[in-house]
Amino acid sequence: MSSPAEYYHSLPPITKFYGTACLAVTVVCQIGLLSPADIAYFSILDWQVWRLITNFFFLGKFSINFGIRLLMIARYGVQLENGPFQRRTADFLWMMLFGAFSLLVLSIIPIFSSPFLGISLVFMLLYLWSREFPNAKINLYGLVTLKAFYLPWAMLCLDVIFGSPLVPDLLGIIAGHLYYFLTVLHPLAGGKNILKTPAFMQRQVMKWRIGAPPPSNVAQQERATGVAFRGRSYRLGG
């Protein structure tokens, strides 16, 4: 069995960075060196532009819910980056950036307004994972076993039952489905892929030497499709 240090170093780069940043920001806020109000997001037009970024790294103060969100990053984010996004670091980073931007835009709608969108971004990862592995069996807190396709909705219901806000989870599902629609459903229906990872993003990731470079045959496939995430079709009741 690997040590915690070995496990941490084995994590894929984008998920490792995001999970580490979320933990670090929460620790800093918990010990009082930083107030959550200093990193909260209030308006997309706010002149304090760092808030557009920092709000994604706060998952709440130390609690069971915080631990669950961090574990969701460690499990579902890692499985996505090591699975359908393996050796496609630029695509995974582009997906995260698209999700963050979508959440910022959605939060302009008054009923979706939220000062922190980190939980929503984590829920987006969960939703996309459930689409990629719809038939995986999940044991939910030892109470019930269900297919992964239903996991986001089950987690949303549990959060409501336990008194957590509904909006962050729902925002994550909406952002995740928007990405899934644009990269999987719309192209499958004959539409044009409008969410291709930009060339500058590929170059920047190579410049930063993040992740492993894609093999030549995968690179050719990326040029044709533009995305790594394929998703899997799933029929209700199937």
Any donor-acceptor pair under 3.5 Å linking the side chain of [X] with the backbone of [Y]?
| X | Y | value |
| --- | --- | --- |
| D38 | L34 | no |
| R69 | L59 | no |
| E81 | I14 | yes |
| R75 | L126 | no |
| Y127 | W153 | no |

Non-hydrogen side-chain atoms of [X] and [Y] separated by less than 4.5 Å:
| X | Y | result |
| --- | --- | --- |
| T89 | I210 | yes |
| L185 | H177 | yes |
| I138 | T145 | no |
| H9 | E6 | no |
| P36 | F58 | yes |
| L182 | N193 | no |
| M96 | L125 | yes |
| F123 | L171 | no |

Quick one: pull up [atom1] in [X] and [atom2] in [Y] and give me the separation to the nearest 0.5 Å.
| X | Y | atom1 | atom2 | value |
| --- | --- | --- | --- | --- |
| Y180 | E132 | OH | CD | 9.0 Å |
| Q30 | L23 | CD | CG | 11.0 Å |
| L93 | T197 | CG | OG1 | 9.0 Å |
| L151 | K137 | CG | NZ | 13.0 Å |
| L80 | R88 | CG | CZ | 13.0 Å |
| L70 | T20 | CG | OG1 | 8.5 Å |

Quiz item: Is there a path from I39 to F17 through hydrophobic residues (I, L, V, M, F, W, Y) whose side chains come within less than 4.5 Å of each other?
Solution: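 Yes, I39 and F17 fall within the same hydrophobic cluster.
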Exercise. State yes or no: do F56 and L71 share one hydrophobic cluster built from I, L, V, M, F, W and Y residues joined by side-chain heavy-atom distances below 4.5 Å, directly or via other members?
Key: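 Shared cluster, no.
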Quiz prompt | For Y8, the rest of its hydrophobic cluster, which grows through side-chain links under 4.5 angstrom | solution =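 Y7, L11, V78, listed by chain and number.
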Exercise. Sequence neighbours left out, what passes ring pair (Phe, Tyr, Trp, His ring centres under 6.0 Å) with F92? Give chain and number order.
Key: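 Ring pair (Phe, Tyr, Trp, His ring centres under 6.0 Å) list for F92, sorted by chain: F85.
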Quiz item: H186: what forms a side-chain hydrogen bond (donor to acceptor under 3.5 Å, both in side chains) with it, not counting sequence neighbours?
Solution: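 H186: no side-chain hydrogen bond (donor to acceptor under 3.5 Å, both in side chains) contacts found.
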Self-check item: Pairing residues for N65 by the side-chain hydrogen bond (donor to acceptor under 3.5 Å, both in side chains) criterion, not counting sequence neighbours
Solution: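 S164.
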Practice problem: Return each pair, listed once, that meets ring-ring contact (aromatic ring centres under 6.0 Å, His included) where at least one residue sits in residues 63-82; pairs must be two or more places apart or across chains. | Solution: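 For residues 63-82: F62-F66, Y76-W129.
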Quiz item: Would L121 and Y18 satisfy side chain to side chain contact (heavy atoms under 4.5 Å, CB included), going step by step from the backbone distance to the final call?
Solution: CA-CA 10 Å; L121 192 58; Y18 184 59; 3.7 Å; yes
Quiz item: Does a sphere of radius 6.0 Å around CD1 in I64 hold more than 12 heavy atoms from other residues, nucleotides or ligands, not counting ones at 6.0 Å or beyond?
Solution: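 No, CD1 of I64 has 12 or fewer neighbouring heavy atoms, counting only those of other groups under 6.0 Å.
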Practice problem: Please check if atom CH2 in W50 has more than 12 non-hydrogen atoms from other residues, nucleotides or ligands closer than 6.0 Å. | Solution: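 Atom CH2 in W50 is packed in, count exceeds 12.
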Can you give me every donor-acceptor pair (side chain of residues 100-120, partner residue at least two apart or in another chain, under 3.5 Å) with its distance?
unit_1	atom_1	unit_2	atom_2	d
S102	OG	F98	O	2.8
S107	OG	Y41	OH	3.1
S107	OG	L103	O	3.3
S107	OG	L104	O	2.7
S114	OG	F116	O	2.9
S120	OG	P168	O	2.8

Quiz item: So which heavy atom on Q79 is nearest to which on P84, and how close?
Solution: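 Heavy atoms only, the tightest pair is O-CD, 3.8 Å.
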